[in-house]
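Position 1 is the first residue of the sequence; numbering continues from there.
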Amino acid sequence: MAADPTRRVIIAAAAVLPLVAVSGCGGVDVLASPPAPARDVGVLRAAIAAEQLMIMRYAAVLGDVQNPGQGAAGGGTSATLTAALEPLNVPAGSTSPSPSPSRRAGSAPPVPTAPTAAIAFLRAAEQAAAAAMLDRMRGAAASLAQLFASISASEATHVPVLDDAVRDIAARAGA
């Protein structure tokens with residue numbers, strides 16, 4: 001009977017020994033701070049923040065259609081802007097993804113209240129965003145450069161649509 005407990009102890013020790021050896025591989029380095037993110041991570045985060053800002057600008061111009069008066073173009077002009085911006089596929093009452101806590105303080109960008117001025121504001125923002133996205137391409141990995149080029153092209157195509165929106169609003173005002 002004395003041999004059985006000894007055999008069980010040896011078998012248990014043999015099973016636990018590899019786990020103990022593997023868990024000790026990390027040593028003290030496990031407690032070290034994580035490595036700095038790659039350069040492209042920072043560039044990508046900046047691009048995401050810029051796109052979130054663009055979404056917030058559209059949301060600020062359109063306002064919340066369900067709560068008129070909340071945005072720069074609230075009330076009756078919100079419907080006019082929503083119709084004018086429809087070719088851009090901006091959903092009514094769109095909001096941005098929740099920004100990081102450090103960005104929440106100034107999350108709603110100030111925008112003009114007149115519909116044509118609000119669209120001119122968006123037009124200038126789209127042009128600036130397209131140019132900034134092209135600047136981010138310099139030195140980025142090929143996959144990110146391709147993504148940034150695509151986003152820049154998309155933003156650049158919004159500019160003529162915004163020009164058409166200004167003409168549509170002017171035509172509706174004159175009708």
Side-chain angles (χ1 to χ4, degrees), residues 18-19 21-65 70-73 78 80-112 115-169:
L19 295 176
V22 170
S23 67
C25 287
V28 179
D29 289 342
V30 172
L31 301 176
S33 60
R39 180 189 176 284
D40 284 344
V41 172
V43 173
L44 185 57
R45 284 182 180 155
I48 290 169
E51 290 307 301
Q52 288 176 332
L53 178 61
M54 202 67 218
I55 292 168
M56 287 189 291
R57 287 174 174 151
Y58 275 94
V61 167
L62 290 172
D64 187 353
V65 175
Q70 294 293 313
S78 182
T80 303
L81 281 171
T82 301
L85 297 175
E86 188 175 349
L88 293 177
N89 295 317
V90 178
S94 66
T95 58
S96 68
S98 56
S100 64
S102 63
R103 291 191 169 269
R104 282 194 188 124
S107 62
V111 296
T116 53
I119 292 177
F121 166 80
L122 289 176
R123 182 184 188 285
E126 288 282 13
Q127 286 178 318
M133 204 55 73
L134 287 177
D135 286 341
R136 284 186 186 91
M137 287 175 48
R138 292 187 183 96
S143 58
L144 277 181
Q146 191 175 23
L147 173 67
F148 294 161
S150 177
I151 293 170
S152 178
S154 174
E155 288 170 337
T157 62
H158 293 170
V159 173
V161 175
L162 291 167
D163 289 340
D164 291 344
V166 169
R167 285 190 285 278
D168 289 346
I169 289 174

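- Residue T157 holds its OG1 atom at 9.0 Å from CD of E155, rounded to the nearest 0.5 Å.
- Within the 4.5 Å cutoff, the side chain of R45 has no heavy atoms near those of the I48 side chain.
- The minimum heavy-atom distance linking R136 with A46 is given by the pair NH2-O, 3.6 Å.
- When all heavy atoms of V166 and T116 are compared, the closest pair comes out as CG1-CG2, 4.2 Å.
- In terms of heavy-atom proximity, Q127 sits nearest to V159 at CG-CG2, 3.6 Å.
- Nearest heavy atom pair, residue A140 against residue A145, reads CB-N, 4.2 Å.
- The minimum heavy-atom distance linking A60 with V111 is given by the pair O-CG2, 3.9 Å.
- For the atom pair D163 CG and R123 CZ, the distance stands at 4.0 Å (nearest 0.5 Å).
- Using a 4.5 Å heavy-atom threshold, the side chains of L147 and L144 count as touching.
- When all heavy atoms are compared, the tightest approach of D40 to G139 is OD1-O, 4.3 Å.
- The line from OG of S154 to CE of M133 is 10.0 Å long, rounded to the nearest 0.5 Å.
- A 4.5 Å side-chain heavy-atom check between Y58 and E126 finds at least one atom pair inside the cut-off.
- Within the model, atoms CD1 of I151 and CE of M54 stand 12.5 Å from one another, a figure rounded to the nearest 0.5 Å.
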